[in-house]
Amino acid sequence: MWIKRRKDWELPESAATPEHVYLNRRRFMQIAGGGAVIGAGALVLPQRMQAQTETPPDPTAELYPAAPNPEFAEAGRALTDEEVATTYNNFYEFGSHKQIWRAAQALPTRPWTVTFDGMVEEERTVDIDTLIRAMPLEERVYRHRCVEAWAMTVPWSGFPMAALVDYARPLSSARYVRMQTFEDAEVAPGQEQFWYPWPYTEGLTIAEATNEVAFMVTGLYGRPVPRQNGAPLRLAVPWKYGFKSAKSIVRFTFTDQQPLSFWENLAGNEYGFWANVNPEVPHPRWSQATERLIGTNDEVPTQIFNGYGEQVAHLYPDLSDERYFH
Ligand SMILES: Nc1nc2c(c(=O)[nH]1)N[C@H]1C(S)=C(S)[C@@H](COP(=O)(O)O)O[C@H]1N2
Ligand SMILES: [Mo]
């Protein structure tokens, strides 16, 4: 995501390390790091990498792969290469560029708790694995369309967000749900950058959150979701621009006030609350008519609601209202 106010936010995507250079470097690291080898290599690991080894093993790993949901068995596009989808990420907590996958390994994902508060019958905090075991896990292939005009197609595992809303037992007067990412500048150096309004937050209306397409992600490609893609719990709302799909969530707050999102707070004229995908409504600084598929670099037309209009268009009765599309 690029923002006008600061020079380093203006870096066009093409200025980032080209993928092939980067992937070669990654392969080198794999060879050099060598899985089981604990030797001199371990000594050169930066301090931040060591947090990873302190995280206990994932107690719900055996739940993957989850059974595919036939309704979402494919998304009309070839799957993005797993290595590409897990090494080309947006996760500003770990850096304002695409190559954060390695830095993100410092995030301890167990123990991890999720809090439900605000307008709920009873506030509570649950352990992530208790939550995952209480939810109906399934696999769905979804498109993902970043506001920066790149896209991917991946098999997420997880559960309908409607099941999570049920579990949270919101009051009938709640109209929105606000999601909040972890906050820990010790492991996430991006959070030392004081000009960002940490923690990362996003919001949906209750009608959006309980729409059948809204999905809580705990897995990717038949395994627990990697840290760089938002472990242990992230959102996937594929009819909206990617920034709505908050990663590594620790809190769901139910409210009757429209939440102020992280990007909206930074640049509300460019990244709004609704942010539904629409090829005909350009971003103030670029067209949204097409998108680049990461991995192949094919340029393809963007679809209204990213192709999920059948399921979600009714949520936005006045489609001529441009407010819904940025
Ligand atoms: N907490 C948090 N969530 C986030 C982001 C972020 O920087 N921090 N980036 C968003 C953006 S802009 C996109 S496109 C997607 C990227 O998801 P991916 O890395 O799994 O492709 O995550 C979204 N969720
Ligand atoms: Mo994005």
Side-chain angles (χ1 to χ4, degrees), residues 1-3 9 13 16 19 79-105 107 109 112 142-158 178-185 187-191 193 196-204 215-221 223-252 259 261-267 270-272 275-277 283 285-286 288 291-295 302 306 326:
M1 198 99 62
W2 339 315
I3 300 251
W9 299 345
E13 244 192 289
E19 229 152 64
L79 288 188
T80 301
D81 185 75
E82 179 178 357
E83 173 141 337
V84 173
T86 55
T87 56
Y88 183 95
N89 303 98
N90 270 336
F91 204 164
Y92 274 60
E93 285 81 347
F94 296 101
S96 51
H97 51 83
K98 299 292 178 284
Q99 279 76 39
I100 54 74
W101 71 269
R102 201 159 189 280
Q105 305 316 308
L107 178 65
T109 53
W112 188 278
Y142 272 176
R143 302 171 177 215
H144 172 96
R145 179 28 166 106
C146 176
V147 72
E148 299 161 334
W150 58 267
M152 63 179 185
T153 304
V154 296
W156 301 116
S157 314
R178 173 185 181 272
M179 287 145 278
Q180 186 185 313
T181 294
F182 76 89
E183 206 170 9
D184 183 355
V187 298
Q191 292 184 337
Q193 300 186 308
Y196 288 110
W198 307 113
Y200 197 97
T201 54
E202 260 307 337
L204 295 172
F215 197 57
M216 296 309 313
V217 169
T218 61
L220 183 59
Y221 293 97
R223 282 187 283 279
V225 63
R227 293 169 173 85
Q228 60 271 32
N229 295 94
L233 183 67
R234 74 170 287 173
L235 177 66
V237 279
W239 72 95
K240 293 178 177 285
Y241 290 117
F243 64 87
K244 295 294 296 181
S245 293
K247 293 179 169 180
S248 305
I249 297 171
V250 295
R251 185 181 298 272
F252 294 85
S261 306
F262 178 87
W263 286 107
E264 187 185 10
N265 189 351
L266 274 167
E270 305 200 0
Y271 311 108
N276 295 306
V277 175
H283 182 273
R285 289 182 285 127
W286 59 86
Q288 296 291 25
E291 60 206 56
R292 178 181 65 87
L293 305 182
I294 58 170
T302 290
N306 197 21
H326 56 79

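One-based numbering, in listed order, for ligands and for the atoms of each. Just so you know, these numbers use all the heavy atoms, side chains as well, and skip hydrogens, waters and symmetry mates.
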**Asked** Within the distance-only criterion (no hydrogens, no angle test), does the side chain of D81 pair as donor or acceptor with the backbone N or O of G295 below 3.5 angstrom?
**Response** no
**Message:** Regarding atom 13 (C) of ligand 1: of the candidates A151, G95, G242, which has the closest heavy atom?
**Reply:** G242
**Item:** ligand 1 contacted by S248 (non-hydrogen, < 4.0 Å)
**Value:** no
**Numbering as shown, the atoms of ligand 1 that approach N229 to under 4.0 Å (heavy-atom distance)** = 18 (P), 20 (O)
**Numbering as shown, the atoms of ligand 1 that approach F243 to under 4.0 Å (heavy-atom distance)** = 10 (C), 11 (C), 12 (S)
**Inter-residue atom distance K240.NZ - N276.CG, 0.5 Å rounding** = 4.0 Å
**Asked** Can you tell which of H326, R145, H283 makes a side-chain hydrogen bond (donor to acceptor under 3.5 Å, both in side chains) with Q288?
**Response** R145
**Message:** Assess whether a salt bridge exists between E82 and R223, defined as any Lys/Arg side-chain N lying under 4.0 Å from an Asp/Glu carboxylate O.
**Reply:** yes
**Asked** What part of T181, side chain, backbone, both or neither, has a heavy atom within less than 4.0 angstrom of ligand 1?
**Response** side chain
**Message:** Taking 4.0 angstrom as the limit and counting only heavy atoms of N89, give me the atoms of ligand 1 inside it, by number and element.
**Reply:** 18 (P), 19 (O), 20 (O)
**Option with minimal heavy-atom separation from atom 20 (O) of ligand 1, where the choices are R234, Q228, H144, K244** = R234
**Asked** Taking the six-membered ring for Trp, are F182 and F91 parallel (under 30°), tilted (30 to 60°) or perpendicular (over 60°)?
**Response** perpendicular
**Asked** Considering only heavy atoms of C146, which atoms of ligand 1 have at least one such atom less than 4.0 Å away?
**Response** 14 (S)
**Item:** Pairwise side-chain contact, F94 with N89, heavy-atom cut-off 4.5 Å (strictly under)
**Value:** no
**Asked** Can you tell me if Y241 has a non-hydrogen atom under 4.0 Å from ligand 1?
**Response** no
**Asked** When rounded to the nearest 0.5 angstrom, what distance separates OH in Y196 from CH2 in W263?
**Response** 5.5 Å
**Asked** Is it the side chain (CB and beyond), the backbone, both or neither of W263 that lies under 4.0 Å from ligand 1, heavy atoms counted?
**Response** neither
**Message:** My understanding is that we take every heavy atom of each candidate and find the minimum distance to atom 10 (C) of ligand 1. Doing that for Y92, W156, Y200, F91, which one comes out nearest?
**Reply:** Y200
**Asked** Rounded to the nearest 0.5 Å, what separation is found between the CH2 atom of W101 and the CG atom of N229?
**Response** 12.0 Å
